[in-house]
Amino acid sequence: MTALNIQNLSKVYENGKQALQDVSLRVPEGAFFALLGPNGAGKSTLINILADTVRASSGSVQLLGHDLLMERAWGKRHLGVVPQEIAFDPFFSPREILHFTRGMYGQSRDEVWVDALLERLELAEHANKITRQLSGGMKRRLLVAQALVHRPKVVILDEPTAGVDVELRKRLWDFIRELNAEGTTVLLTTHYLEEAQELCDQVAIINQGRLIASQSMQSLLGDVASSSLCFRYEQAVELSESQEQALQAFAARVCDGVLCLDLQHEGEHSNFDTAYQAARQCFGAPLDTYMRQENLEDVFLRLTHKDAA
Amino acid sequence: MSGMNILGTWTLFQRESKRFMRVKMQTIVAPALTAILYLIVFRYAMGERQVPGLNVDYFTFLIPGLMMMAMLQNAFANTSSSMIMGKIMNTHVFLMMAPISPIEAMIAFLSAAVLRALVVGGVLLLVLFPFSDLHITHVWMILFYGVCGSLIMGSLGLITGMWSKTFDEMSMVTNFIIMPLTFLSGVFYSVKQLPPIWQALNAWNPFFYLIDGFRHGFIATGDSDPVHAIGMVLVVTLSSVILAWYLWRIGWKLKD
């Protein structure tokens with residue numbers, strides 16, 4: 001079943017800025033889905049439309065088979081959103097905020113679940129302070145607790161770990177991973193691409209309001225990510241025009257004085273040997289060679305730069 | 001799932017009520033003190049003077065007017081401050097993300113505004129009653145005008161909160177529209193003391209009917225025709241509540 005099915009979603013703001021352009025996206029139920037994009041790409045607009053804080057100009061969204069834009073009350077009960085901006089009512093404590101939030105979603109008090117959330121998000125000690133007294137990282141975790149307190153089936157996390165230290169971030173992800181393993185669908189936006197690569201099984205990349213990739217993380221890293229053969233010489237490499245031409249088939253480039261050549265894969269075979277010989281012919285025997293596999297960050301930068309060009 | 005989110009509405013009402021109870025010095029004690037100061041000043045300034053045409057002493061005339069003025073201003077403050085704070089601190093997104101329909105939001109916000117107005121009015125009554133000749137003549141009139149006035153001002157507070165982008169814009173509405181209208185609606189004088197042109201203009205001022213009708217509940221007399229006043233107040237109450245509901249429903253100044 002599909003948790004979120006977004007069809008031809010567009011948004012033009014009153015000032016004429018087109019934030020989303022015909023975006024279609026499918027998030028399978030139970031997925032850990034990364035929605036990536038540079039700043040201003042349209043990720044937050046997309047999330048805000050799902051959260052009902054921004055109106056869509058056109059398009060449709062289905063949440064667990066229900067029309068989200070038409071059946072808002074139903075949809076909101078099954079959706080938990082961690083907004084990007086930290087904001088809390090200064091009059092209330094974390095515990096009160098969680099009780100109020102649960103109540104507003106039409107659910108009766110559940111001290112056990114509220115305590116569990118406070119415990120897992122390491123807020124138990126601060127549960128009765130007023131929110132003004134919490135640190136930035138604590139507030140960010142409270143936002144996560146607030147989005148989970150009504151036990152939604154789909155959780156959207158808009159940069160939930162910004163400003164959270166490494167240790168806490170790891171524990172936060174362990175908790176979200178547990179929820180995901182229990183069946184909660186997670187849609188995540190983050191600028192920590194290593195995190196996204198490690199956590200998510202599906203990925204979509206959005207740039208300038210348009211979707212430029214949407215597939216499983218495995219296939220994106222397998223099909224789109226390239227591997228390079230790198231050569232280190234005694235002296236830093238400088239590519240002459242003739243050498244560049246000779247190595248054209250391998251998209252030769254120099255990174256930090258190291259020569260890098262793209263490898264092509266066909267099934268289990270690659271053109272490793274041809275690339276090695278071509279580099280030797282141009283520059284002689286290298287001091288060292290090594291393989292470099294593109295990670296999510298490299299693919300992301302390549303795709304978004306190519307798209308921008 | 002269909003049907004009303006009763007628990008959600010109740011929770012929002014509790015949140016909006018607890019907010020003003022958390023700062024009761026500012027929301028309840030301060031308005032009571034202001035009203036008492038007015039009364040002390042006017043008591044000595046006006047002495048035992050009677051209000052022309054109403055056969056009632058000025059002090060007794062003044063108390064219900066001041067009560068109603070404080071109630072109206074507090075009902076307005078409850079909704080407007082909640083909205084503007086929510087917008088400026090960005091906490092309003094949590095309300096928009098929650099499954100609370102526009103009708104449910106209206107019920108919760110306006111009930112909390114009415115509650116705050118009644119608490120402020122009640123405190124003033126308790127404090128001032130022992131020092132005056134005041135009697136409760138028509139409870140239904142006191143409640144009708146008290147509740148309707150609070151609903152009108154609660155709705156206007158919501159609309160102002162939705163419209164304002166800054167505290168300055170909101171205080172502009174409070175200081176340049178709400179304060180003059182409540183002050184110039186017969187709190188401190190009988191409209192019969194005004195020149196004819198001002199009397200005619202006052203006939204279109206809903207605040208005048210609210211204050212006059214509320215006072216009528218205590219002193220058993222007033223400047224306006226009760227039937228006309230009730231009709232006028234009902235129409236204005238319904239119109240302002242419906243307008244606030246409609247603007248909320250379309251997300252006016254709340255959603256891009």
Side-chain angles (χ1 to χ4, degrees), chain A residues 11-15 17 19 44-45 47-57 66 71-93 96-109 130-132 142-143 146-147 149-150 152 156 158, chain B residues 1-27 78 81-105 107-109 112 116 162 165 247-256:
Chain A
K11 172 66 188 175
V12 183
Y13 284 104
E14 272 178 24
N15 61 9
K17 184 183 185 291
S44 289
T45 297
I47 288 174
N48 291 340
I49 290 173
L50 301 178
D52 197 24
T53 58
V54 166
R55 278 184 285 252
S57 300
H66 290 250
E71 298 174 61
R72 275 294 186 189
W74 188 93
K76 286 174 175 186
R77 283 173 199 258
H78 295 87
L79 192 64
V81 181
V82 179
Q84 199 179 105
E85 250 182 88
I86 294 178
F88 289 108
D89 201 318
F91 291 97
F92 304 120
S93 68
E96 284 175 311
I97 285 174
L98 296 184
H99 284 312
F100 278 143
T101 306
R102 209 178 142 78
M104 294 223 288
Y105 281 80
Q107 295 186 8
S108 55
R109 265 179 181 246
I130 55 167
T131 51
R132 252 201 314 262
L142 180 55
L143 280 181
Q146 206 177 353
V149 75
H150 60 290
I156 298 173
D158 195 357
Chain B
M1 191 185 288
S2 60
M4 199 174 154
N5 182 0
I6 294 170
L7 185 56
T9 312
W10 171 244
T11 308
L12 183 56
F13 164 75
Q14 279 185 308
R15 197 191 76 173
E16 292 306 304
S17 313
K18 276 194 180 174
R19 196 198 306 278
F20 77 79
M21 291 305 286
R22 285 277 153 96
V23 282
K24 42 185 158 319
M25 286 303 282
Q26 178 195 332
T27 53
N78 211 53
S81 63
S82 175
M83 281 308 299
I84 190 72
M85 270 178 55
K87 276 174 75 176
I88 284 175
M89 299 176 80
N90 212 32
T91 51
H92 74 303
V93 297
F94 297 112
L95 184 56
M96 290 157 74
M97 291 194 304
I100 304 268
S101 71
I103 289 180
E104 290 156 358
I107 292 172
F109 273 107
R116 175 162 162 186
M162 281 188 250
K165 287 193 284 292
L247 293 175
W248 186 279
R249 199 171 78 91
I250 62 167
W252 184 63
K253 306 276 186 187
L254 294 174
K255 285 186 201 175
D256 288 317

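Chain letters run A, B, ... following the sequence lines, proteins first and then strands; every chain starts at 1. Side chains are part of it too, since the values below use all heavy atoms of this structure and drop only hydrogens, waters and symmetry mates.
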For B:Ile250, does its backbone N or O pair with a side-chain atom of A:Arg55 as donor and acceptor, under 3.5 Å?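 Answer holds: yes.
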Mind ranking A:Arg102, A:Glu14, A:Glu96 by heavy-atom pairs under 4.5 Å with chain B and telling me who comes out on top?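 Between A:Arg102, A:Glu14, A:Glu96, the count favours A:Glu96.
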Quick check for you: among A:Gly75, A:Ala51, A:Ala87, which has the greatest number of heavy-atom pairs under 4.5 Å with chain B?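 Highest number of pairs under 4.5 Å: A:Ala87.
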More than 12 non-hydrogen atoms from neighbouring residues, nucleotides or ligands closer than 6.0 Å to [atom1] on [X], yes or no?
X        : atom1 : value
B:Lys255 : NZ    : yes
B:Arg249 : CZ    : no
A:Glu85  : CD    : no

The test is side chain to side chain contact (heavy atoms under 4.5 Å, CB included); show your working for B:Arg19 and A:Asp89 and say whether it passes. CA-CA 9 Å; B:Arg19 196 198 306 278; A:Asp89 201 318; 2.6 Å; yes
Approximate separation, where rounding is to 0.5 Å, of B:Arg15 CZ and A:Ile97 CD1: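 The CZ atom of B:Arg15 sits 9.5 Å away from the CD1 atom of A:Ile97.
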Gap between atom CD1 of A:Ile86 and atom OG1 of B:Thr91 - 0.5 Å precision: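 Between atom OG1 of B:Thr91 and atom CD1 of A:Ile86 there are 13.5 Å.
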Report which part of A:Phe100 has an atom under 4.5 Å of a heavy atom belonging to chain B: side chain, backbone, both, or neither.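 Answer is both: backbone and side chain atoms of A:Phe100 are under 4.5 Å from chain B.
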Less than 4.5 Å to any heavy atom of chain B: does that hold for the side chain of A:Gln107, its backbone, both, or neither?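 The backbone, not the side chain.
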Does the side chain of [X] reach to within under 4.5 Å of the side chain of [Y], using non-hydrogen atoms?
X       : Y        : answer
A:Lys76 : B:Ile100 : no
B:Asn5  : A:Arg77  : yes
A:Asp52 : B:Met96  : no
A:Thr53 : B:Met97  : yes

Looking only at heavy atoms, which two atoms of B:Val23 and A:Phe91 are closest? And how far apart?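 Closest pair (atom of B:Val23, atom of A:Phe91, distance): CG1-CE2, 3.8 Å.
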Tell me the closest heavy-atom pair linking A:Met104 and B:Leu12, and the distance in Å.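 Minimum heavy-atom separation between A:Met104 and B:Leu12: SD-CD1, 3.8 Å.
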Checking an interface table here. Which of residues 83-90 of chain B come within a heavy-atom distance under 4.5 Å of chain A?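 B:Met85, B:Met89, B:Asn90 fall under the 4.5 Å cut-off.
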Pick from B:Pro99, B:Gly8, B:Gly251 with the largest number of heavy-atom pairs that fall under 4.5 Å of chain A: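 The option with the most such pairs is B:Pro99.
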